[in-house]
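These notes are about the structure you will find just below.
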Amino acid sequence: MATTKTDPKLALAANGATSKKPKLYEGLTREQLIQAYRIIYTSRRVDDREILLKRQQKIYFQMSGAGHEGIGVAAALALKPSYDWFYPYYRDRALCLALGVKPYDMFLQGVGAASDPSSGGRQMPSHWSYPSLHIVTQSSPTGSQILQAVGCAEGGRYFSRHPKAAPVPDSTLVDYRQFKNVTFQGDEVTYVSLGDGTSSEGEFWEAMNAAALEKLPVVFCVEDNGYAISVPVEVQTAGGSISRLVSGFPNFHFEEVDGTDPIASYAAFARAVRHCREGNGPAFVHAHVIRPYSHSLSDDERLYRPDAERERDAQRDPVTRTQMFLLREGILDEKGINQLEKEVEAELQTAVDLALEALPPAPESITKFVYSPDIDPTSSAFDTQAVAPEVPADGKKPAGKTMADLITTTLRDEMRRDDRIIIFGEDVADCSREEYLKRKLVKGKGGVFKLTFGLQNEFGPDRVFNAPLAEAAIVGRATGMATRGLKPVVEIQFFDYIWPAMMQIRDELSVIRWRSNNGFSCPVVIRVAIGGYLTGGAIYHSQCGESVFTHIPGLRVVFPSNSQDAAGLLRSAIRCDDPVLFLEHKRLYRESFGRAAYPGPDYMIPFGKAKIVHPGTDLTVITYGAVVPRALQAAQKLEREQGVKVELIDLRCLNPFDWDTIAASVAKTNRALVAYEDTLSWGYGAEIAARLADQLFDKLDAPVRRVAAKDVFVAYQPILEDAILPQPNDLFLAMKELAEY
Ligand SMILES: Cc1ncc(C[n+]2csc(CCOP(=O)(O)OP(=O)(O)O)c2C)c(N)n1
Ligand SMILES: [Mg+2]
């Protein structure tokens, strides 16, 4: 077998030339090699079994790990299950088997059984998730696990450096930490793998950069089978070699190896893992493998690969190679091989028979684990009283604080209370060059809107730091950290730039709990500056788009309109156990509307509870965000001029939203207007209007109306901006017309 970059001492020993000690193969014993073959063979035969089951229509999908078994088993030999952390991809069947997953577990996933430990029938087979082995739930988007692996490593390192953050606090107050047991090891390593095609994804490069910058103990393993479905590597990767492209990343240890050779692969992995464990930074293992079974059962590679090329690959098949090696070395004879294979076949037969009898999940279970089953942020536990503000000595009313002030104060108080809170994003630190702060040469920035000002100064750079300009990385790393028990409160600088993070938000963050059947969770808070009315904000600093996110199951979406609500809702967001998108309207940050005294360090508002800003009997206006003060102005004018009493509802929280308050109000007023800043069509108001039509049809005396932005982006010239965004006068006219209907 190829032994590239072999330690010469081991090679000698392997040749049996030095002593009578048992022969070692790159440090592996004969027993380990037999076990490695058992795994390699089992892995291939699980694939074969699944293919048969799929053809018999007893399972619904098949994705093989064929050809990748050698590198998988090698990685598992170099790493430790339930100690290190694993973000494998779908070809890592052999790795998972070697870490301790049973073939039976894999067949349970194939049939979609309720008892499937990965997902309870929610995910396709080969989407691994085994919490006790530290194999973190995987998805289907290629490469979306890579940034999370980086965050996972950061989480482990953070707890090693700040062990005080790990224990669950004695708390009578509601707190996600009660349900998030933390484990960490000082020298743990995070494994992440991907295919050669996936190395073209931007998130891969963001992850490599972050890992190199932070010198994180992550082993990146590219399993290069030369194809991404039908696209060959030279069309995918400039120059045809990913090793060459990544070779400039600092702090990395690099290996390139024949991944069909488990012994050479083990040696490469052992060196890579040592580099990581010793704290020298990340490692990169580029493993050349084969893909003998086409991309999936839906693909026929004969359509794009000639026989000669496929036959060349077959010469390197890890199953036959390893078998031949064992025979050649006299580690197993033919009888021994037959015996082992017979044992595996018998085990698989039993596993298949049992899995086919397993019960499917109950249809009524579908809504389980969309959100945390442990903490309900809509409950009364989140309904706490505001503390009365201190009255100044002169007896005057205390000055109201802006929304910006109270968000900062809330963040500071929560960080004092909970050492697991980490803040990062673009420009959120006071100053990345710490010595400038220490020597008091600079005051510090603390965010482009200054909401995190002073937090790095107080809590240090491990807890508040600038991230590279890469939104997917901000959310992806936060997701990995939260999986480990941290509470990242990250910032997306402008809503307009949230889109690179969309894959992480929609396909990962929001669905990790559900898809793993509550095996994993990642309650991240994403703070986002949103909205227009800025006079010059233009297209790319004024966007709304909240309904894109309220459409995502598993994600809480909050949108406060005033200081006190922002403080109470942000605290609920931080202490709860679900991912939260916390939308902060830029125009409201320092508005005189809605200023308030700080409601205290335990003040919370439950999610999904609206506020009646202005009570009325004639017409209900349902709104939120920066439209609240504009609608209030319009309602007051309408009352003054025409005596029409508008009931103005500020939703405050968009998912979940307070249907009960809306329904009670509309049942009373019989008229409803939904007003929002986002573009009119397909917007948030559509859902409210549809529900009103559906459930309160018999209460309505007029059609449900909407006032919103025109269906264009926000323009720069203020005259255009005014024409595009809903103005108090637009709201006034719509209210008047509806009242008169
Ligand atoms: C983001 C994304 N784009 C496209 C796909 C469809 N898809 C699934 S696997 C795959 C090819 C992956 O190739 P590679 O990374 O080389 O891994 P391999 O399957 O060869 O092991 C594609 C295009 C996907 N799952 N996710
Ligand atoms: Mg490939």
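Everything numeric in this text was worked out from a predicted model, so none of it was measured. Whatever order the structure lists ligands and atoms in, that order sets their numbers, starting from 1.
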Would you mind reporting whether Pro217 and Arg157 have side-chain heavy atoms less than 4.5 Å apart? yes
If we only count heavy atoms from C-beta on, is the Leu147 to Val475 side-chain gap below 4.5 Å? no
Just to confirm my numbers, could you give the angle made at the Mg ion (ligand 2) by OD1 of Asp196 and OD1 of Asn225, rounded to 10°? 90°
Between Glu341 and Arg38, is a side chain to side chain contact (heavy atoms under 4.5 Å, CB included) present by the stated rule, with each step listed? CA-CA 8 Å; Glu341 294 181 356; Arg38 183 183 289 273; over 6 Å; no
Hey, can you tell me if Tyr304 and Tyr227 have their rings parallel, tilted or perpendicular (30° and 60° cut-offs)? tilted
For the residue pair Phe254 and Phe252, categorise the inter-ring angle as parallel (less than 30°), tilted (30 to 60°) or perpendicular (more than 60°). parallel
Please find out if the Mg ion (ligand 2) and some N, O or S atom of Thr198 are separated by less than 2.8 Å. no
Between [X] and [Y], is there a side-chain N and carboxylate O pair less than 4.0 Å apart?
| X | Y | result |
| --- | --- | --- |
| Asp577 | Lys487 | no |
| Arg291 | Asp313 | no |
| Arg93 | Glu50 | yes |
| Arg302 | Asp307 | no |
| Asp48 | Arg45 | yes |

Atom 12 (C) of ligand 1 protein-contacted, heavy-atom criterion under 4.0 angstrom: yes
N/O of Asn225 under 3.5 Å from N/O of ligand 1, yes or no? yes
Give a yes/no verdict on whether any heavy atom in [X] is under 4.0 Å from an atom of ligand 1.
| X | value |
| --- | --- |
| Arg291 | no |
| Leu194 | no |
| Arg91 | yes |
| Glu201 | yes |

For [atom], what is the nearest protein heavy atom, given as residue, atom name and distance?
| atom | result |
| --- | --- |
| atom 9 (S) of ligand 1 | Tyr90 OH, 3.0 Å |
| atom 26 (N) of ligand 1 | Thr142 N, 3.0 Å |
| atom 21 (O) of ligand 1 | Tyr89 OH, 2.6 Å |
| atom 14 (P) of ligand 1 | Gly197 N, 3.5 Å |
| atom 15 (O) of ligand 1 | Thr198 OG1, 2.6 Å |

If you compare Ile229, Val231, Asp196, Asp507 by their heavy atoms, the one closest to atom 22 (C) of ligand 1 turns out to be Ile229
Please classify the Ser140 to ligand 1 contact at 4.0 Å (heavy-atom distances, strictly less than): side chain, backbone, both or neither. backbone
What part of His295 sits under 4.0 Å from ligand 1 if we count only heavy atoms: the side chain, the backbone, both or neither? side chain
